[in-house]
Structure formats: structure tokens, C-alpha cells
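Presented below is the structure to which this report refers.
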Amino acid sequence: KYWTKAAELGDAEAHFHLSVLYHDGKGVQTDLKKEVYHLEKAAIARHPIGRYNLGCAEFNDGSIERAVKHFIIAANLGHNGAMKALRELHA
């Protein structure tokens with residue numbers, strides 16, 4: 001409830017937390033479209049983990065080039081997991 005209100009106000013952290021809730025189905029029904037929507041909002045607002053998770057979602061969907069772009073941005077935002085993913089993809 002509070003995350004939704006904060007997300008409506010544009011809070012990146014709230015969008016990220018909502019994406020996790022929709023991914024895990026905690027307190028809400030699992031919903032991939034809503035998960036990705038909130039990941040996109042978090043990523044646009046420069047949330048490094050949100051950007052990385054969006055890259056993971058793209059990768060799992062088979063969109064490798066899009067995933068790499070998200071991983072590069074997340075790495076530039078300081079996300080170590082994104083750096084590792086890029087190394088593994090280019091190994």
C-alpha cells in the first residue's frame with residue numbers, strides 16, 4: 001500500500017520494491033507484466049538493482065542485446081553483479 005503510494009509519486013525505490021513483490025508474489029499475485037513495468041520505472045530513475053534486474057528479465061526473455069545494454073548501464077551505476085554478468089556474457 002505504502003510502496004504503491006510512493007511509486008505513484010515517482011519514488012525509484014518504491015518501484016523496485018513493487019517489482020520484487022510482483023516477482024515473488026508476496027502480498028500480491030505474481031505478475032510478470034507488473035514486475036517489468038516497475039523495473040522499467042526504477043531503471044529509468046537510475047536504480048542500479050532495478051536496472052540489473054531488468055537486464056535479467058530481458059535475458060530470460062531471450063533479448064540478449066537488450067540485456068547487455070541494461071547490464072552496461074547498471075555497471076556504470078556501480079552494480080557489481082552487472083559487471084560479473086557482462087564478463088560472463090563476453091567470456
Side-chain angles (χ1 to χ4, degrees):
K1 188 174 176 179
Y2 294 110
W3 291 125
T4 302
K5 288 284 187 193
E8 288 171 359
L9 296 172
D11 186 89
E13 192 71 19
H15 280 293
F16 169 72
H17 283 286
L18 285 170
S19 76
V20 172
L21 293 176
Y22 282 113
H23 176 81
D24 295 341
K26 292 186 179 179
V28 295
Q29 186 123 11
T30 301
D31 188 323
L32 180 62
K33 285 185 181 184
K34 288 182 181 179
E35 175 193 353
V36 171
Y37 169 81
H38 288 291
L39 284 175
E40 289 172 345
K41 292 292 187 179
I44 289 168
R46 300 180 50 84
H47 192 284
I49 304 171
R51 180 65 75 168
Y52 170 76
N53 286 1
L54 185 56
C56 291
E58 293 286 2
F59 182 85
N60 291 336
D61 196 38
S63 301
I64 307 304
E65 287 183 32
R66 288 178 60 113
V68 167
K69 289 177 184 178
H70 290 301
F71 291 152
I72 290 170
I73 294 169
N76 286 331
L77 293 172
H79 192 280
N80 290 330
M83 294 287 287
K84 182 180 177 188
L86 287 166
R87 279 193 301 273
E88 289 174 4
L89 284 170
H90 292 291

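No experiment lies behind these values; they were computed from the predicted model shown. Nothing fancy with the numbering, it's 1 onward along the sequence.
The only option from D31, L32, L39 that meets the side-chain contact (heavy atoms from CB on, under 4.5 Å) definition with Y22 turns out to be D31.
Summarising the geometry of L54 relative to A43, their closest heavy-atom pair is CD2-CB, 4.0 Å, with the distance given to 0.1 Å. Across A14 and A7, no two heavy atoms sit closer than the pair CB-N, 3.5 Å. When every heavy atom of A82 is checked against every heavy atom of A74, the shortest pair comes out as CB-CB, 3.6 Å.
One finds the NZ atom of K34 at 13.5 Å from the OG atom of S19 (value rounded to the nearest 0.5 Å). Separating the OG1 atom in T30 from the CD atom in E35 is a distance of 9.0 Å, to the nearest 0.5 Å.
Scored by the side-chain contact (heavy atoms from CB on, under 4.5 Å) test, K84 finds R87, E88 as partners (sequence neighbours excluded). Here H15 pairs with H38 under the ring-ring contact (aromatic ring centres under 6.0 Å, His included) rule; sequence neighbours left out. Contacts of E40 classified as side-chain hydrogen bond (donor to acceptor under 3.5 Å, both in side chains), with partners at least two apart in sequence or in another chain: none. Partners of H79 by side-chain hydrogen bond (donor to acceptor under 3.5 Å, both in side chains), not counting sequence neighbours: none found.
Applying the salt bridge (Lys or Arg N to Asp or Glu O under 4.0 Å) test to pairs two or more places apart or on separate chains, none has a residue in residues 4-24. The salt bridge (Lys or Arg N to Asp or Glu O under 4.0 Å) pairs that include a residue from residues 43-56 number zero, where partners must be two or more places apart or lie in different chains. Evaluation of the salt bridge (Lys or Arg N to Asp or Glu O under 4.0 Å) test over residues 55-68, restricted to residues two or more places apart or in two chains, returns E58-R66.
When hydrophobic residues (I, L, V, M, F, W, Y) are linked wherever their side-chain heavy atoms come within less than 4.5 Å, the members clustered with I64 are Y52, F59, V68, F71, I72, L86, L89. Under a 4.5 Å side-chain heavy-atom criterion applied to ILVMFWY residues, the cluster that includes F16 comprises V20, I49 as well. L9 belongs to no hydrophobic cluster, as no Ile, Leu, Val, Met, Phe, Trp or Tyr side chain comes under 4.5 Å of its own.
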